[in-house]
Number of protein chains: 2
Amino acid sequence: MEKQTITIYDVAREADVSMATVSRVVNGNPNVKPATRKKVLEVIDRLDYRPNAVARGLASKKTTTVGVIIPDVSDIYFASLARGIDDVATMYKYNIILANSDENNQKEVQVLNTLLAKQVDGLIYMGHSISDAIRAEFARSKTPIVLAGSIDPDEQVGSVNIDYVAAVKDATLKLIKNGNEKVAFICGNLEFPINSKYRLRGYKDALNEAGIPYDESLIFETEYSYSAGEALFGKVQAIGATAAVVSDDELAVGVLNAAVDAGVNIPTDFEIVTSNNTKLTEMVRPKMTSISQPLYDMGAVGMRLLTKMMNKEEIDDKTILLPYSIVDRQSTK
Amino acid sequence: MEKQTITIYDVAREADVSMATVSRVVNGNPNVKPATRKKVLEVIDRLDYRPNAVARGLASKKTTTVGVIIPDVSDIYFASLARGIDDVATMYKYNIILANSDENNQKEVQVLNTLLAKQVDGLIYMGHSISDAIRAEFARSKTPIVLAGSIDPDEQVGSVNIDYVAAVKDATLKLIKNGNEKVAFICGNLEFPINSKYRLRGYKDALNEAGIPYDESLIFETEYSYSAGEALFGKVQAIGATAAVVSDDELAVGVLNAAVDAGVNIPTDFEIVTSNNTKLTEMVRPKMTSISQPLYDMGAVGMRLLTKMMNKEEIDDKTILLPYSIVDRQSTK
DNA sequence: TTGAAAGCGCTAACAT
DNA sequence: ATGTTAGCGCTTTCAA
């Protein structure tokens with residue numbers, strides 16, 4: 001025989017009050033006489049009653065759950081953001097439905113729809129680019145959405161990032177000031193606005209400010225992976241570059257190790273600045289100088305922004321830029 | 001004016017059928033005349049109807065959602081497991097509610113209860129140890145539970161692991177055969193069964209087989225972190241150890257880098273075998289030899305096991321051991 | 001093959 | 001301060 005689940009009705013009957021009163025007690029409504037509250041709480045304890053969140057969600061139209069779309073949890077960059085998101089979510093009594101998208105446009109849209117079907121109160125999206133398909137879904141959804149560590153030039157939804165133009169400009173300038181005339185720019189897919197409109201812009205701005213002509217052969221577009229970096233270093237060296245700004249840490253480790261393995265001295269013969277300041281930067285030798293994006297904070301602030309949107313609070317600016325810095329280590333002079 | 005949400009009732013009215021029929025169409029019930037099905041699908045498409053999963057969950061008592069308790073998403077070990085879990089979950093049409101526990105006993109119990117309140121169909125738990133409190137909750141819950149990459153000697157719930165005793169024994173034996181008489185054993189909290197009852201057991205078995213007496217001063221208990229490893233190497237070296245079996249990759253990287261920074265040649269003067277074969281092992285120099293735990297697969301198999309339990313299928317053995325191997329790299333001779 | 005109707009467990013007016 | 005009563009949007013017998 002199945003053990004019967006205890007409902008609010010059972011508690012009401014045993015405590016000799018109405019369901020409404022039990023509901024009030026459970027939800028901390030002050031309009032309950034202390035004596036009644038005590039009696040109800042005793043019964044709840046005795047019967048070991050646990051409110052059913054699904055029923056509550058249906059009745060109240062709130063699930064206290066937010067959807068999080070992430071390219072890959074096992075990618076340290078996004079996992080760091082996710083950690084910040086979950087901590088703030090917990091703080092505000094929300095839970096997280098986590099869904100991997102693999103940056104696949106079709107999967108993203110599908111995942112978004114199942115998340116909406118599950119009636120999430122809000123949505124956080126992470127990804128290197130916003131496809132037109134997903135942007136269209138964002139537009140027609142009335143569920144609040146925030147992008148974390150992800151750029152959409154449209155600025156239709158909330159977002160939390162750093163100023164990528166300025167960060168890359170600073171990084172490039174540092175390399176130029178160290179005496180490098182040929183600084184390579186190694187990034188991901190240039191179809192992504194974050195790379196073409198922001199990072200590359202910063203790189204060009206730096207050259208411009210230093211009076212160095214832009215040379216397209218110094219731009220290397222590749223995928224974000226350790227092996228891609230390893231494979232790329234030869235070409236970078238062949239073109240005569242003596243330094244590189246790299247958009248991803250794993251990619252940068254690949255470049256760094258390939259250089260070291262090839263007997264190139266870093267930073268004497270070749271300098272590297274990477275972009276995410278994940279713990280990887282401290283685990284490699286030499287340790288890598290990096291732009292420091294406050295990933296955890298970006299997730300946390302993004303989730304905080306989302307709570308405000310879900311609460312329909314006034315938002316002064318839903319496009320948030322967090323401060324960045326450049327952490328000097330041994331891969332630069 | 002708020003845009004009215006479309007319900008199954010709207011579809012039924014427009015298609016001139018009953019709600020039951022719409023429900024059948026949506027759920028792929030074959031007992032619907034093709035013509036009717038077509039008519040209903042057209043209306044669904046026209047009205048852009050999306051079933052409300054919360055209402056469905058309340059009515060059917062199934063949420064197609066599973067809870068995942070994880071110590072820390074930003075830890076690559078658990079994130080790798082989580083990725084395997086989510087992929088298989090997606091495959092079987094489940095979503096994942098992800099909750100970080102920080103290995104905090106109190107938080108774990110609380111998180112478990114909110115997950116159960118949300119009526120998850122199943123639960124996957126990850127953690128270095130199973131506290132009595134959480135074990136008690138497991139016992140009284142009738143929701144299926146699986147442990148992934150986590151040991152409970154009780155074997156009350158399902159679990160997926162590798163044979164830690166044998167793996168550590170193999171690793172230790174390799175080091176002994178390479179000529180090391182003093183092999184350090186560097187692990188996490190020895191109060192955790194996985195360390196005391198399994199890994200240390202394997203270590204002792206190896207010594208025993210090789211006829212080397214057990215020396216407690218070679219056992220180093222510490223936390224799992226890069227800095228702990230860095231700090232520890234000096235002591236390990238001072239005691240005269242010439243090799244180490246390490247239970248965690250970040251910890252091992254700390255030991256490795258401290259050794260290299262101290263001018264110790266690896267593997268000539270000191271050998272290391274680590275335990276998780278995460279991508280870190282290939283990013284450091286020298287690359288690290290490691291026990292290879294199939295983390296992704298452990299997550300995937302754990303989730304698959306859970307789907308069977310949720311389906312009330314017959315399970316031949318709910319305690320699963322996956323094969324491991326030792327991947328040779330440059331931190332051993 | 002289809003429909004009617006009774007819930008699922010809870011919240012939220014509205015009354016009292 | 002407390003109770004009554006509709007739903008929330010869907011699934012699932014049971015009948016037809």
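So that the names make sense, note that chain A is the first sequence line, chain B the second, and so on, each numbered from 1. The figures that follow rest on heavy atoms only: side chains count, while hydrogens, waters and symmetry mates do not.
- Thr7(B) comes within 4.0 angstrom of sugar-phosphate atoms only, judged by non-hydrogen atoms across all strands, and of no base.
- Using cut-offs of 30° and 60° on the angle between ring planes, the pair His128(A) and Tyr224(A) is perpendicular.
- Val17(B) comes within 4.0 angstrom of sugar-phosphate atoms only, judged by non-hydrogen atoms across all strands, and of no base.
- Inspection of the Asn113(A) and Arg50(B) side chains reveals an N or O donor paired with an N or O acceptor under 3.5 Å.
- Candidate nucleotides dG3(D), dA1(D), dT11(D) were compared by shortest atom distance to the side chain of Lys33(A), and dA1(D) ranks first.
- dT2(C) atom P lies 8 Å from atom CZ of Arg24(B), rounded to whole Å.
- The CG-C1' distance, from Asn52(B) to dG7(D), rounds to 14 Å in whole Å.
- Taking atom CG of residue Leu47(A) and atom C1' of nucleotide dG9(C), one finds them 15 Å apart after rounding to whole Å.
- Nearest-nucleotide positions on DNA chain D place Asn31(A) closer to the 5' end than the other of Asn31(A) and Ala55(A).
- Between Asn27(B) and dT11(D) there is a side-chain polar atom (N or O) within less than 4.0 angstrom of OP1 or OP2.
- Applying the 4.0 Å criterion to OP1 and OP2 of dG7(C), one finds that Tyr9(A) has every side-chain N and O outside that range.
- The only member of Lys38(B), Lys39(B), Arg46(B) that meets salt bridge (Lys or Arg N to Asp or Glu O under 4.0 Å) when paired with Glu42(B) is Lys38(B).
- The backbone N or O of Asn95(B) lies less than 3.5 Å from no partner atom in the side chain of Thr65(B), so there is not a single donor-acceptor pair.
- Regarding contacts with the backbone of dG9(C), a side-chain N or O of Thr5(A) is found under 4.0 angstrom from either OP1 or OP2.
- Look at CZ on Arg37(A): it is 9 Å from P on dT2(D), rounded to the nearest Å.
- No hydrogens or angles were tested; on distance alone, nothing pairs the side chain of Arg50(B) with the base of dG9(D) as donor and acceptor under 3.5 Å.
- Note on Lys61(A): every side-chain N or O is 4.0 Å or more away from OP1 and OP2 of dA12(C).
- The aromatic rings of Phe138(B) and Tyr125(B) sit perpendicular, their planes meeting at an angle over 60°, well past the 30° parallel limit.
- Distances shown here put a side-chain N or O of Thr21(B) below 4.0 Å from the OP1 or OP2 atom of dG3(C).
- Among the nucleotides dC10(C), dT2(C), dC8(C), the one closest to any side-chain atom of Ala59(A) is dC10(C).
- Distance, Lys38(B) NZ to dT1(C) P: 18 Å, rounded to whole Å.
- Put simply, CE on Met19(A) is 15 Å from P on dG7(D), counting in whole angstrom units.
- Contact annotation: Thr36(B) reaches the phosphate of dT2(C) (side-chain N/O to OP1 or OP2, under 4.0 Å).
- Contact annotation: Ser18(A) reaches the phosphate of dG3(D) (side-chain N/O to OP1 or OP2, under 4.0 Å).
- The listed nucleotides are dT11(C), dT1(C), dT11(D); the one nearest the side chain of Arg56(B) is dT11(D).
- Of the charged side-chain nitrogens involved, none lies within less than 4.0 Å of a carboxylate oxygen, so that Asp75(B) and Arg83(A) do not count as a salt-bridged pair.
- Atom CD1 of Ile6(A) is separated from atom C1' of dC10(C) by 16 Å (rounded to the nearest Å).
- One interatomic measurement links the two molecules: CG of Leu58(B) to P of dC10(D), which rounds to 12 Å at whole-angstrom precision.
- Looking at the side chain of Val32(B), the nearest of the listed nucleotides dT2(C), dT12(D), dG7(D) is dT2(C).
- Between dT11(C), dG3(D), dC10(D), one nucleotide has an atom nearer to the side chain of Ala20(A) than all others, and that is dG3(D).
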